[in-house]
> 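Provided herewith is a single structure, encoded as structure tokens, for subsequent inquiry.
Computation of the quantities below employed the complete heavy-atom set of this structure, encompassing side-chain atoms and omitting hydrogens, waters and symmetry-equivalent molecules. Chain naming here is simple, since letters A, B, ... match the order of the sequence lines and numbering starts at 1 in each.
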Amino acid sequence: MVLDVSKVVECDVLVIGGAGAAVMSAVSALREGADVCLVSKGKVGRSGNTIMIGGGFGIDGRSAYEVCGETAANQNFTKEQLFETIVKSSFYLCDQELVRQYVDKGPYAVKECLDWARKAGQKFFFIPPASLWMTSGRSFGKAVKQGVLENPAIRVFEDTIICDLLTSSTGVCGALGISIYTGEIIKFKAGAVILATGGYQPFSLKNSISDMTGDGIAMAMRAGADVVDMEFLLFIPTALEPQYIKGSILPYLMTIPNYFPLYPTITDLDGKELAIAEEYRRIPPANKMNKILYAYFWGKGIFEKLDKYGNAMYFDFSKYTDEELLGSFEKMMANVAPWHAKNHYNGINLYEVYEFLLKNNKRFKVGLGNEYSMGGIVVDKDFASTVKGLYAAGEVTGGVFGAFRSADGLTEMLAHGWDAGKKAAEYAGKHGKQTDSNTADVLERLQRVLEPGEGISPYLVISQLEQVCDKGFNFFRTGELLQEAEEGINRLKEMLPKMKTAVAERRYNFEWISAVLAENLILCAEAGIHAANLRTESRGTHMRADYPVVNNREHLYRIIAKLEQGALIHRREKPNAPYLPLPEENVATIPDYILASVKEDSNHEG
Amino acid sequence: MKVRVRRSGEKNGIDLFQVPAVENQWTVMDVLDYIALNLDPSLGYYRHSVCNQGVCGRCGVKVNGRPVLACTSKVQGEDILLEPLNNRVIRDLIVEP
Ligand SMILES: Cc1cc2nc3c(=O)[nH]c(=O)nc-3n(C[C@H](O)[C@H](O)[C@H](O)COP(=O)(O)OP(=O)(O)OC[C@H]3O[C@@H](n4cnc5c(N)ncnc54)[C@H](O)[C@@H]3O)c2cc1C
Ligand code: FES
């Protein structure tokens with residue numbers, strides 16, 4: 001059997017992805033007069049982390065009033081304040097121009113998405129004090145879908161995974177994909193390509209959708225693009241039990257009193273309390289910086305017994321009566337009722353979880369699961385990557401949030417798509433389509449996996465990668481563990497050429513697709529682990545047990561990675577900081593940094 | 001737990017797998033993932049864009065004749081039969097999207 005291209009599709013702008021960043025990019029490119037194709041691994045509006053959300057996303061209060069027409073918005077909350085908060089919570093690692101873009105364009109892009117939501121009949125409620133809208137993942141998905149329904153000129157290819165970008169001597173000029181259900185190979189020729197494929201998640205505990213295999217980041221690297229901040233991954237409390245809710249962010253929601261008034265005692269699996277030190281408890285529970293404090297204080301406890309118990313702690317409600325506990329569950333049910341089936345949060349029956357707790361000493365096992373990857377493709381303020389013809393939007397990019405995302409992934413994807421689509425269309429208009437030189441190479445890679453013979457299942461490779469990352473690249477890191485993880489990655493890289501599927505069938509052969517995913521995820525993990533090893537300090541979500549200091553004097557730089565002749569090369573760059581000066585003093589620990597920045601914020605407000 | 005799965009193509013018929021599933025704890029998706037990783041990687045089931053939380057609504061399968069979402073449906077009993085949702089089968093448990 002020889003693989004060949006079954007279909008060739010031509011367009012000006014090819015958008016890869018089927019969620020918020022992709023649809024906003026596609027609509028925006030279409031508005032510029034481009035002929036647009038959108039290709040998504042899943043279905044539009046039913047894939048991507050966009051449908052997994054807790055549900056909140058915001059902009060500054062004045063723009064909520066002026067641009068989005070929310071008359072109850074707090075107009076004292078300005079763009080300038082939002083800008084400062086994002087920069088500080090990025091631990092000053094962000095590209096401040098990209099933060100400006102987020103703050104300036106976010107409101108217009110959000111307004112467009114709110115219009116889609118309204119036309120799709122979805123509930124998006126504005127919460128004035130927080131200057132954010134609340135909805136559900138399913139509703140957000142339907143709003144995004146409305147974006148393509150209203151723009152039928154966008155040609156949509158669903159359930160099609162892009163396996164690699166096509167390149168010419170000038171830059172990127174298309175992509176090659178597999179239509180998952182038929183196994184057909186489709187070649188897309190385009191004037192410009194926008195990657196909107198989301199982040200990467202190489203761990204076994206997932207609260208993100210299974211799409212998060214870092215495809216876009218890895219494809220961009222293979223095409224020669226720079227990536228940045230790959231060591232920064234955001235972890236939040238995620239359910240381990242009951243098994244049937246594993247991966248849910250319910251435990252994280254239980255830490256927010258507006259959702260769930262009772263606060264659990266957090267212990268390790270031996271029952272030892274993992275308390276957040278008193279001075280840090282003054283940070284308001286809704287402040288997203290708490291996510292780092294949880295990973296720091298609870299993660300430390302988990303880390304100490306990682307070999308014995310793995311990534312697990314208890315959320316313990318035993319100090320409360322049955323009635324108090326039920327009261328909290330009922331409050332949660334009422335809160336989520338506008339979007340979810342009766343007594344449910346997504347597919348979870350909350351009464352069942354309550355009953356599970358009653359039968360199990362009112363405690364359940366929770367781990368720290370990866371929610372978001374701060375790192376990704378380096379883009380300039382036009383969302384152009386460092387390779388010509390290649391653009392990126394949404395979580396697949398790196399740079400807006402630096403070491404920690406305190407603002408919203410949803411606003412980010414919309415704001416990015418708003419400009420990326422426009423700029424990619426302009427580029428395509430000027431440069432036209434080039435002829436690629438690597439179709440045969442990509443086909444050969446895809447074919448090798450299907451050929452008969454002994455080999456390693458791609459499923460096994462991905463599962464081993466998760467074990468490597470669980471052990472050495474989790475929320476707490478040390479030089480020794482990272483070294484081990486690097487060695488693990490090297491062993492896995494040797495396995496890649498030996499991957500084979502059990503059958504040569506092409507129709508819905510997910511083992512075959514997984515060979516592509518394995519390569520992508522391993523490349524992303526390699527870039528992240530190596531950067532984490534180089535970063536001998538703690539910053540944002542990168543916590544080094546052996547280097548606790550936020551070392552602004554020596555480490556306030558971004559680590560950029562690039563593939564050169566098949567090998568990853570890392571280099572350092574000072575963050576782009578044209579507005580707020582970079583700090584020069586070190587801070588003893590991550591919690592101290594957070595405390596100081598929250599204090600400064602409240603001084604402003606006061 | 002005995003898990004019987006209706007296969008298509010060359011394997012046409014019912015395959016039997018022994019899976020260490022915990023009743024009322026594991027989901028049908030957990031069972032399928034276990035089979036694919038440990039017993040038979042050729043099994044076709046919905047796996048390419050999985051929310052695992054009952055959000056995307058795409059993992060439909062029949063369990064003992066009843067249509068369910070694989071990721072939210074808990075396994076029960078000592079013996080289960082997994083079949084495609086309808087007869088528009090592409091491969092094993094996969095039907096046309
Ligand atoms: C559990 C959870 C809760 C969250 N809660 C919030 C919240 O409350 N508020 C908030 O602002 N943010 C939240 N986030 C973050 C937010 O969801 C994401 O940052 C955002 O949705 C990313 O949007 P995106 O369009 O960039 O990527 P995604 O939504 O991840 O979409 C990626 C798309 O690309 C497609 N794709 C991937 N690879 C390929 C390929 N090779 N070929 C073709 N298509 C491909 C996928 O199928 C998908 O359609 C949460 C994230 C998680 C996991
Ligand atoms: S995988 Fe999304 S509903 Fe089951």
Side-chain angles (χ1 to χ4, degrees), chain A residues 18 40-43 45-49 51-53 136-138 141 158-159 161 180-183 206-211 241-250 340-341 344-349 352 356 457-460 462-463 500-503 505-511 513-514 517, chain B residues 7-12 15 19-61 68-76 84 88-97:
Chain A
S40 174
K41 180 152 81 175
K43 278 204 185 298
R46 291 215 266 165
S47 61
N49 274 349
I51 65 166
M52 305 302 285
I53 53 170
S136 71
R138 222 175 271 146
E158 295 181 308
D159 295 317
I161 176 179
I180 295 172
Y181 284 84
T182 63
K206 297 175 201 319
N207 57 47
S208 51
I209 198 162
S210 73
D211 294 341
E241 64 175 13
Q243 165 79 22
Y244 54 84
I245 74 164
K246 191 172 174 179
S248 169
I249 57 166
L250 196 64
H340 300 267
H344 277 67
Y345 175 70
N346 289 333
I348 299 172
N349 181 333
E352 272 183 20
F356 178 91
S457 170
Y459 289 157
L460 204 70
I462 293 180
S463 145
K500 290 257 186 257
T501 56
V503 288
E505 170 67 64
R506 280 162 58 182
R507 282 170 309 158
Y508 208 99
N509 188 345
F510 190 62
E511 205 190 12
I513 304 293
S514 294
L517 309 183
Chain B
R7 308 295 294 265
S8 67
E10 278 173 29
K11 296 210 168 190
N12 199 16
D15 257 359
V19 177
V22 183
E23 205 182 340
N24 287 319
Q25 293 297 316
W26 282 39
T27 63
V28 174
M29 187 67 88
D30 293 332
V31 165
L32 291 166
D33 285 345
Y34 182 89
I35 296 174
L37 184 61
N38 301 287
L39 306 174
D40 184 354
S42 75
L43 176 66
Y45 66 106
Y46 181 79
R47 224 332 161 180
H48 74 283
S49 181
V50 165
C51 73
N52 220 19
Q53 301 291 330
V55 185
C56 73
R58 298 199 64 192
C59 60
V61 64
V68 297
L69 288 178
C71 74
T72 56
S73 165
K74 288 166 261 178
V75 290
Q76 282 164 332
R88 296 196 307 275
V89 175
I90 290 189
R91 206 161 78 76
D92 297 342
L93 301 177
I94 296 288
V95 296
E96 284 170 21

> Under 3.5 Å, is there a donor-acceptor pair between the side chain of A:Tyr459 and the main chain of B:Asn38?
no
> Can you name the closest pair of heavy atoms from A:Ile209 and B:Val50 and give their distance?
CG1-O, 3.3 Å
> Please report the shortest heavy-atom distance between B:Pro41 and A:Ala502, naming the atom on each side.
CG-CB, 3.9 Å
> If I measure from the heavy atoms of chain A, does B:Asp33 come under 4.5 Å with its side chain, its backbone, both, or neither?
neither
> Tell me the closest heavy-atom pair linking A:Phe510 and B:Arg47, and the distance in Å.
CZ-O, 3.3 Å
> Checking heavy atoms, do the side chain of B:Ile94, its backbone, both or neither come under 4.5 Å from chain A?
side chain
> B:His48 side chain to A:Lys41 main-chain N or O, any donor-acceptor pair under 3.5 Å?
yes
> Just so I understand: if I count every heavy-atom pair under 4.5 Å between each of B:Glu10, B:Met29, B:Arg91 and chain A, which residue has the most?
B:Arg91
> Could you give me the CA-CA distance, side-chain angles and deciding distance for B:Asp30 and A:Gln243, then say whether side chain to side chain contact (heavy atoms under 4.5 Å, CB included) is met?
CA-CA 9 Å; B:Asp30 293 332; A:Gln243 165 79 22; 2.8 Å; yes
> Which residue out of A:Ile513, A:Ile180, A:Ile245 racks up the most heavy-atom pairs below 4.5 Å with chain B?
A:Ile180
> Given heavy-atom pairs under 4.5 angstrom as the criterion, report whether the side chain, backbone, both or neither of A:Asn509 touches chain B.
both
> Name the region of B:Thr72, side chain, backbone, both or neither, that has any atom closer than 4.5 Å to a heavy atom of chain A.
side chain
> Pick from A:Lys43, A:His344, A:His340, A:Met52: which one has the most heavy-atom pairs with chain B under 4.5 Å?
A:Lys43
> With under 30° as parallel and over 60° as perpendicular, where do the rings of B:Tyr46 and A:Tyr508 fit, or are they tilted in between?
tilted
> Among the options B:Pro97, B:Cys71, B:Gly9, B:Ala36, pick out the one with the most heavy-atom pairs lying under 4.5 Å from chain A.
B:Pro97
> Tell me, for A:Lys246 versus chain B, whether the close heavy atoms (under 4.5 Å) come from the side chain, the backbone, both or neither.
backbone
> Is there a side-chain contact between B:Leu37 and A:Ser463 (heavy atoms, below 4.5 Å)?
yes
> Side chain, backbone, both or neither: which part of A:Ile51 has a non-hydrogen atom closer than 4.5 Å to chain B?
both
> Can you tell me which portion of A:Ser47 sits under 4.5 Å from chain B's heavy atoms? Options are side chain, backbone, both or neither.
both
> I'd like to know which of B:Cys51, B:Gly54, B:Gly57, B:Ser42 tops the heavy-atom pair count under 4.5 Å against chain A.
B:Cys51
> Heavy-atom cut-off 4.5 Å, strictly under: side chain, backbone, both or neither for A:Ser248 against chain B?
both
> What part of A:Glu505 is in contact with chain B, defined as an atom under 4.5 angstrom from a non-hydrogen atom: side chain, backbone, both or neither?
side chain
> Does B:Arg58 come within less than 4.0 Å of A:Asp159, counting only side-chain N to carboxylate O?
yes
> If you tally heavy-atom pairs under 4.5 Å against chain B, which of A:Gly347, A:Ser210, A:Gly247, A:Pro458 wins?
A:Ser210
> Considering non-hydrogen atoms only, spot the tightest contact between A:Asn346 and B:Gln53 and give its length.
CB-O, 3.3 Å
> What's the separation between atom CG in B:Asn52 and atom CG in A:Asn207, rounded to the nearest 0.5 Å?
11.5 Å
> Locate the shortest heavy-atom distance separating B:Val95 from A:Tyr181; write the atom from each residue and the value.
O-CE2, 3.5 Å
> Is A:Leu517 close to chain B through its backbone or its side chain, or both, or neither, when contacts mean heavy atoms under 4.5 Å?
neither
